[in-house]
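Working notes, structure below.
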Protein chains: 2
Amino acid sequence: MSRRAPTLEDVAREAGVSRATVSRVVNGIRNVDPEIQELVRRAIGRTGYAPNRAARSLVTRRTETVALVVSGAGDTSDAGQNAFAARVFADPFFGRVVGGIVGFLRPRSLHPVLMFAESAEAREEVLTYLRQGRADGALVVSTHSDDPLPALLADARLPAVLFARPSRPVPLSYVDLAHRDGAHLAAEHLLARGCRQLATISGPLDVAASQERLAGFRDTLARHGHPYVPVAEGGFTLDSGIAAMADLLDRHPGTDGVFAANDLMAQGACQVLRERGRRVPEDVAVVGFDDSSIAVTCRPRLTTVRQPVEEMAARMARLLDEHLQGVRTEVTSVVFEPELVVRESA
Amino acid sequence: MSRRAPTLEDVAREAGVSRATVSRVVNGIRNVDPEIQELVRRAIGRTGYAPNRAARSLVTRRTETVALVVSGAGDTSDAGQNAFAARVFADPFFGRVVGGIVGFLRPRSLHPVLMFAESAEAREEVLTYLRQGRADGALVVSTHSDDPLPALLADARLPAVLFARPSRPVPLSYVDLAHRDGAHLAAEHLLARGCRQLATISGPLDVAASQERLAGFRDTLARHGHPYVPVAEGGFTLDSGIAAMADLLDRHPGTDGVFAANDLMAQGACQVLRERGRRVPEDVAVVGFDDSSIAVTCRPRLTTVRQPVEEMAARMARLLDEHLQGVRTEVTSVVFEPELVVRESA
DNA sequence: GTGAAAGCGCTAACAT
DNA sequence: ATGTTAGCGCTTTCAC
């Protein structure tokens, strides 16, 4: 049934040349007579040859594969792990990250292996995977900024690039967003609209990005004479946005402007606002963050701070590729600027 | 800087035994003196040895890697490809699929490589990838049932398992859901509630599952004396659900019950209904399909037909594993039964 | 420009 | 129970 797959040897015999010559043709190395090239190419076609990657990797020490790891800080039991995967992808944010990464990798024939590292054991597996040379490097997207993985990777001197700056310095390149600037944009917009009683739904405060967005929002308001800003902490999920908005409304019924740290929570906030009889944006203006797909699909459409996720993800992949190629040796950080997208909610 | 990674040879020398013995210990093969085992294990610890997978794969002809391919039918230009990835993950459905697959693969040390095959070129890359032995088999999730990939895979005799039955028979195992039964459940529920003017928002009709759900819904209604059912075709996206519901309402203002072919569209339907002054479920009852995360996060919470996606995905992975192990040789199909989950929308 | 030959690090058959 | 040895299929000097 399954005949042995054709090898270089087979092609060589078929074409009447040596293995070395076939290898040269396959790898597009010059110094091969055009006629012979054609000869070899035809032999390849006839035999249906496909180079065995294990054999190639064994000598080149490259796999053309990168680990795409979604990493939590937690010590989630392994049981809750497929729930972790589902939860992660419930935020359109990750779909965009994947899209950006794949967009960069594919034209270069690099392939992503999906890994989840939400437990100590899973993190160890990631390290082992890389040490075994199954992937050339790692692209790490952490859900918490105190994620231990980046440090482990750096200690093991394994090539890796991060999405978002780690909470404590690690000698690894990363891409990030100027979160403070984004929050500043939101605050200015709300103020310009005439809102006087502002509040915010922050992201989980163990995430650096959440802290930055909160700090940026507060700073801007403070500079405009609003020293106190009610805050409700959310978890970047729709549910938590709902709970946070309800809480805020109970404590401060007069709120007329809200900045939510992501679109999912902004959507939740809008739902609660409407249920409680507030019109958005007439009674309460809402600004989200990310500019994810829900920003345009939810009603009212969200005014939000755009984060160029695909571009950031692609850049992250490029950084790793450059490190692997050896064309970039120094640790690098690339920080993107957000921009305000005005729609209906504010 | 980067010293050569330790090899079996190094460990053997360190432990004072032969390569073969170290290999046996590493692979957990019996017939090794416990004392020597311990000796070797310590040597491994000291050297920080990690077996080179390329070398192992070269001889075992196994990579412990499977391709997880999300496949469209289209001939989307490669440019639109990271958009494809983002769009795919915009439906929580795929997050659940990934969760189920990873849940099965990980305990078995199998790893998924993410691939998107939405163009002829991309499909060819998937085939090449497998032919090169970079993955042992493929797990294929198609967004359209006339996806050409399954047939290509079967023709090339590459091991693969599908999520959902292909539109034309292909000698490949698959898992699927009894879509008709699911639609039947929805129809019965709506009828039992007292709805008299039913309509449905179908999925894209080039997807077999959509056709089945539609047919099942119609059949059941027909049996209950409702020969005509207004249909609006959607595309499984929130947007399309919104458009479809608006359309339905224009054509049949008296509609009092709607069956949407997935939760995302059901959510869109609820939005439109509310905007047009209909209460859900009092004026119009809505039943979704999937029981995805949005079913519980959207307002009102969705009554929906549950599809055990994680379980189906895990089963799909298991089928592939069994085929690869050689313990299952015949092509197999596993069809799951849906169940109705009653919440608030109907 | 082309071929011969030496490995890359591992497993597995065969000896012992 | 352990060691010896022959490859797995490829890239890459090094001769010619």
Side-chain angles (χ1 to χ4, degrees), chain A residues 2-41 43-44 47-65 109 128-134 136, chain B residues 2-41 43-44 47-65 109 128-134 136:
Chain A
S2 65
R3 224 173 34 266
R4 205 179 96 282
T7 72
L8 259 195
E9 186 74 52
D10 299 325
V11 179
R13 195 175 325 112
E14 177 81 17
V17 297
S18 73
R19 288 211 311 266
T21 300
V22 179
S23 175
R24 288 186 185 108
V25 173
V26 169
N27 294 296
I29 290 174
R30 60 192 169 292
N31 289 349
V32 178
D33 187 295
E35 288 197 17
I36 296 204
Q37 271 188 45
E38 200 39 42
L39 211 65
V40 170
R41 238 180 278 288
I44 289 177
T47 52
Y49 171 72
N52 178 308
R53 299 299 301 215
R56 179 181 294 186
S57 290
L58 185 53
V59 23
T60 60
R61 307 186 158 285
R62 279 276 256 144
T63 58
E64 318 277 81
T65 296
S109 294
T128 300
Y129 197 85
L130 292 163
R131 271 198 292 253
Q132 294 187 328
R134 298 183 69 170
D136 301 328
Chain B
S2 64
R3 220 170 40 265
R4 204 179 98 283
T7 72
L8 259 197
E9 187 73 51
D10 298 325
V11 179
R13 195 177 324 110
E14 177 81 17
V17 298
S18 75
R19 287 212 313 267
T21 300
V22 179
S23 177
R24 289 186 185 106
V25 173
V26 169
N27 294 297
I29 290 174
R30 60 191 170 293
N31 290 348
V32 178
D33 187 296
E35 288 198 17
I36 296 203
Q37 270 189 46
E38 200 37 44
L39 210 66
V40 171
R41 239 180 278 287
I44 289 177
T47 53
Y49 171 73
N52 178 308
R53 299 298 302 213
R56 178 182 294 188
S57 290
L58 186 52
V59 25
T60 61
R61 307 185 157 286
R62 281 276 256 142
T63 58
E64 318 279 85
T65 296
S109 295
T128 300
Y129 197 85
L130 291 163
R131 270 198 292 254
Q132 294 187 327
R134 298 182 70 170
D136 301 327

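Since this is a predicted model, take the numbers as computed values, not measurements. Chain A is the first sequence line, chain B the second, and so forth, proteins listed ahead of strands; every chain is numbered from 1.
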> With no hydrogens and no angle check, is any side-chain donor or acceptor of T60(A) less than 3.5 Å from a backbone partner on R56(A)?
Replying inline: yes
> What do the steps show when you test R19(B) against V22(B) for side chain to side chain contact (heavy atoms under 4.5 Å, CB included), and what is the final call?
Replying inline: CA-CA 5 Å; R19(B) 287 212 313 267; V22(B) 179; 5.8 Å; no
> With a non-hydrogen cut-off below 4.0 angstrom, is D33(A) in contact with a base, only sugar-phosphate, or nothing?
Replying inline: sugar-phosphate
> Taking only residues two or more places apart in sequence or in another chain, which ones pass side-chain contact (heavy atoms from CB on, under 4.5 Å) with L39(A)?
Replying inline: none
> Who passes side-chain contact (heavy atoms from CB on, under 4.5 Å) against S57(A), sequence neighbours left out?
Replying inline: T63(A), A54(B)
>> I need a per-nucleotide contact map over nucleotides 6-16 of chain D, read 5' to 3'. Cutoff is protein heavy atoms under 4.0 Å; write B for the base, S for backbone only, - otherwise.
In response: B-BBBBBB---
> Can you check side chain to side chain contact (heavy atoms under 4.5 Å, CB included) on L58(A) and N52(B), steps first, answer last?
Replying inline: CA-CA 8 Å; L58(A) 185 53; N52(B) 178 308; 4.3 Å; yes
>> Donor-acceptor pair, distance only, cut-off 3.5 Å: does the side chain of D33(B) make one with the backbone of E35(B)?
In response: yes
> Which atom names give the shortest non-hydrogen contact between E64(B) and D136(B), and what distance separates them?
Replying inline: N-OD2, 2.8 Å
> How bent is the helix from dG1(C)-dC16(D) to dT16(C)-dA1(D), comparing axes over its five end pairs at each side, to the nearest 10°?
Replying inline: 40°
> What are the bounds, 5' to 3', of the part of DNA chain C that sits under 4.0 Å from heavy atoms of chain B?
Replying inline: dG9(C) to dA13(C)
> Looking at residues at least two apart in the chain, or sitting in another chain, which of them share a side-chain contact (heavy atoms from CB on, under 4.5 Å) with R41(A)?
Replying inline: V25(A), Q37(A), E38(A)
